[in-house]
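Indexing begins at 1, ligand by ligand and atom by atom, following the structure's order.
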Amino acid sequence: MKIISINAGSSSLKFSLFDMNDESVIASGLFERIGIDGSSYTIKFNGEKITQEVELPTHVDAVNILLDKLTDLNIISSLDEIHGVGHRIVQGKDVFKESVLINDDVMEKLEAIKGFAPLHNPANMLGIEAFRKVLPNVAMVAVFDTAFHQTMDKTTYLYPVPYSWYEDYGVRKYGAHGTSHRYIAECVKQILGKDEFRLISCHIGNGGSITAIKDGKCIDTSMGFTPLAGIMMGTRSGDIDPSIIPYVMEQEGKNASEIIDDLNKRSGLFGMSEYSSDMRDILARCDEQDEKAIVARDKYVRRVVDYIAQYYVLLGGADIIVFTAGVGENSIPVRRQICEELACLGIKIDVELNNKRGEMVKISTDDSDVLVYVIPTDEELMIARDTLHLIDR
Ligand code: AMP
């Protein structure tokens, strides 16, 4: 039973092919610079990695080459083995509250909401359209980054702004990284062996969001109307006072979208350190006592701590805190600093247990009041699971 998970960008297409009998990855890869000069693909399988430069005028060409390669390389014996294709969609608004089988009606709805994520949704749709053209008889499923957050209540998802902004323009909190947070919630259910739990899921990578989860359902999340809100990130500011925007517009003679670009691409760790958006670079500079890097790291940690504390209260305490994504899975000192700043909640981590990267591990001490885990996220597997589940239903 084989399922392909797809994450399509405007000029890229990432895939993972799963054998759903044991949820193993048979092959994965990336098609890059689609529609641009110098395009290429990389396919990994069986411990091998093949990289090839090739003309990729459109996403349809990428999908055709992908499917040819899967059979040419004997990764699958025929295309009939592909049971379904799952597609990641960034924004589902309140139209899509869960993953859905793709049909013409779904495509029309996606078309209607694409303006809510103009950089991502149209690109995700290119991937769907390409697969529908090349594999017209294979079932396809859309999995939304926002769907998991649709269980937030109105008090949580509304902003304290004129109500007509919500009614007329759909201004509300939608959140992001929902597929990752849902994967973490499923892992926690397995770890604890029960359906009732209070979980704070910290997806901290280049982008980042923190989600409060009660009994498997999202009750609040740090990202908002867009992924610019919430904690500080690699290049994004997270929450700021909106009055800064017109003030800097005037100072620098910029328009609103230029300032939003600054907040998305030149803020966060990168903006504060004036050096790098990568936590590894920031920590190296901190070791050299670089003041801007130290303040950037400390601000990053503070923002995460603020949200964990906020969600601890919202959940009425926490059974478990999970760190995931690039920084959460790999940055030993950042995890340690966050947990040390949460000591007043009875959270204690074991420095030895914390000394691990990229693997599932409990890092809290036995006398910690809250369990703390590192769990590598797997959004691709979650997409494949949803795809299999919906096709079989
Ligand atoms: P992601 O967006 O989840 O791929 O996370 C990417 C970020 O993870 C990078 O920008 C780094 O800041 C961070 N990262 C990855 N590996 C490490 C590491 N070993 N130590 C600290 N940060 C890391």
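A side chain to side chain contact (heavy atoms under 4.5 Å, CB included) with Ile321 holds for exactly one of Ile200, Ile363, Leu199; it is Ile200.
Distance from atom 11 (C) of ligand 1 to its nearest protein heavy atom, with residue and atom name: Asp278 OD1, 3.3 Å. The closest protein non-hydrogen atom to atom 2 (O) of ligand 1 is Asn206 N, 2.8 Å. For atom 14 (N) of ligand 1, the nearest protein heavy atom (residue, atom name, distance) is Gly326 O, 3.6 Å.
Within a 4.0 Å radius of atom 4 (O) of ligand 1, the protein has no heavy atom.
Within the listing of ligand 1, atoms 8 (O), 12 (O), 13 (C) sit less than 4.0 angstrom from a heavy atom of Val327. Annotation for ligand 1: atoms under 4.0 Å from non-hydrogen atoms of Gly205 are 1 (P), 2 (O), 3 (O), 5 (O). Against a heavy-atom cut-off of under 4.0 Å, Ala325 is close to the following atoms of ligand 1: 3 (O).
At a threshold of 4.0 Å, the pair Asp366-Lys348 does not count as salt-bridged, since none of the basic side-chain nitrogens sits closer than that to a carboxylate oxygen. Taking 4.0 Å as the cut-off between side-chain N and carboxylate O, Asp19 and Lys2 do not count as a salt-bridged pair.
For Glu329, no heavy-atom contact with ligand 1 is shorter than 4.0 Å.
Between the side chains of Ser28 and Ser16, no donor-acceptor pair of N or O atoms lies under 3.5 Å. Between Asp239 and Tyr307, the side chains place a donor N or O and an acceptor N or O closer than 3.5 Å (distance only, hydrogens not considered).
Between His177 and His203, the two ring planes are parallel [angle under 30°; tilted spans 30° to 60°]. Relative orientation of the Tyr174 and Phe225 rings is tilted, given thresholds of 30° and 60° on the angle between their planes.
Taking any N or O of Met279, backbone or side chain, at least one lies under 3.5 Å from an N or O belonging to ligand 1.
Heavy-atom proximity to atom 23 (C) of ligand 1, evaluated over Arg335, Arg357, Arg280, is greatest for Arg280.
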